[in-house]
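A short worksheet on the structure shown next.
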Amino acid sequence: MSKLIEGRIDCPFYIEEGDGFIACEGVLKDTECLHKFTSNFLKRNYEESVCCTSGGRKCSHYRNLSILYERGLKS
């Protein structure tokens, strides 16, 4: 069953979320980055204020990946 929040997430690097974590595309080839939160409340706040708005552009991980793609260092 899909989660309601996953339908709202706008970040192109998002992979999945679970209990206390958000998984995103990794900086290294064929990897994932796992962002762990101390509570689901904090995770949900981050998803709503960062992952679901402006394509995730407020996220530092998004910015790092974007730079790699722009410079041709990741494909």
Side-chain angles (χ1 to χ4, degrees):
M1 175 188 286
S2 69
K3 300 172 191 148
L4 183 61
I5 192 70
E6 290 185 336
R8 296 182 50 226
I9 290 179
D10 199 25
C11 180
F13 305 121
Y14 169 84
I15 296 173
E16 68 177 333
E17 63 101 36
D19 191 26
F21 75 89
I22 301 171
C24 303
E25 179 179 333
V27 173
L28 303 175
K29 184 178 179 173
D30 299 322
T31 64
E32 292 181 4
C33 181
L34 198 65
H35 304 277
K36 294 183 180 183
F37 294 81
T38 56
S39 72
N40 281 322
F41 175 79
L42 292 172
K43 179 193 70 151
R44 184 57 47 116
N45 276 350
Y46 190 84
E47 288 172 328
E48 302 233 349
S49 64
V50 178
C51 304
C52 294
T53 59
S54 301
R57 288 179 187 87
K58 293 193 315 185
C59 178
S60 59
H61 187 71
Y62 171 96
R63 289 191 299 272
N64 289 333
L65 282 171
S66 293
I67 289 169
L68 291 176
Y69 277 107
E70 288 170 11
R71 294 181 180 170
L73 300 172
K74 188 165 173 60
S75 56

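No hydrogens, no waters, no symmetry mates; every other heavy atom, side chains included, goes into these values.
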C59 side chain near Y46 side chain, heavy-atom distance below 4.5 Å: yes
Can you pull the salt bridge (charged side-chain N to carboxylate O under 4.0 Å, His left out) pairs that have at least one residue in residues 58-75, sequence neighbours excluded? E25-K74
So CG of L68 and OG of S75: to nearest 0.5 Å the spacing works out to 11.0 Å
Working to the nearest 0.5 Å, report the span between SG of C52 and CG of D10. 7.5 Å
Atom CG of L65 and atom CG of L73: how far apart are they, to the nearest 0.5 Å? 11.5 Å
Side-chain heavy atoms under 4.5 angstrom apart, residues restricted to Ile, Leu, Val, Met, Phe, Trp, Tyr: same cluster for I67 and V27? no
Could you pull out every donor-acceptor pair under 3.5 Å between side chains of residues 11-23 and any protein atom, sequence neighbours left out?
{"from": "Y14", "atom 1": "OH", "to": "E6", "atom 2": "OE2", "distance (Å)": "2.6"}
{"from": "Y14", "atom 1": "OH", "to": "E17", "atom 2": "N", "distance (Å)": "3.0"}
{"from": "E17", "atom 1": "OE1", "to": "K43", "atom 2": "NZ", "distance (Å)": "2.2"}
{"from": "E17", "atom 1": "OE2", "to": "K3", "atom 2": "NZ", "distance (Å)": "3.4"}
{"from": "D19", "atom 1": "OD1", "to": "N40", "atom 2": "ND2", "distance (Å)": "2.5"}

S39: partners by side chain to side chain contact (heavy atoms under 4.5 Å, CB included), with sequence neighbours left out: F41, L42
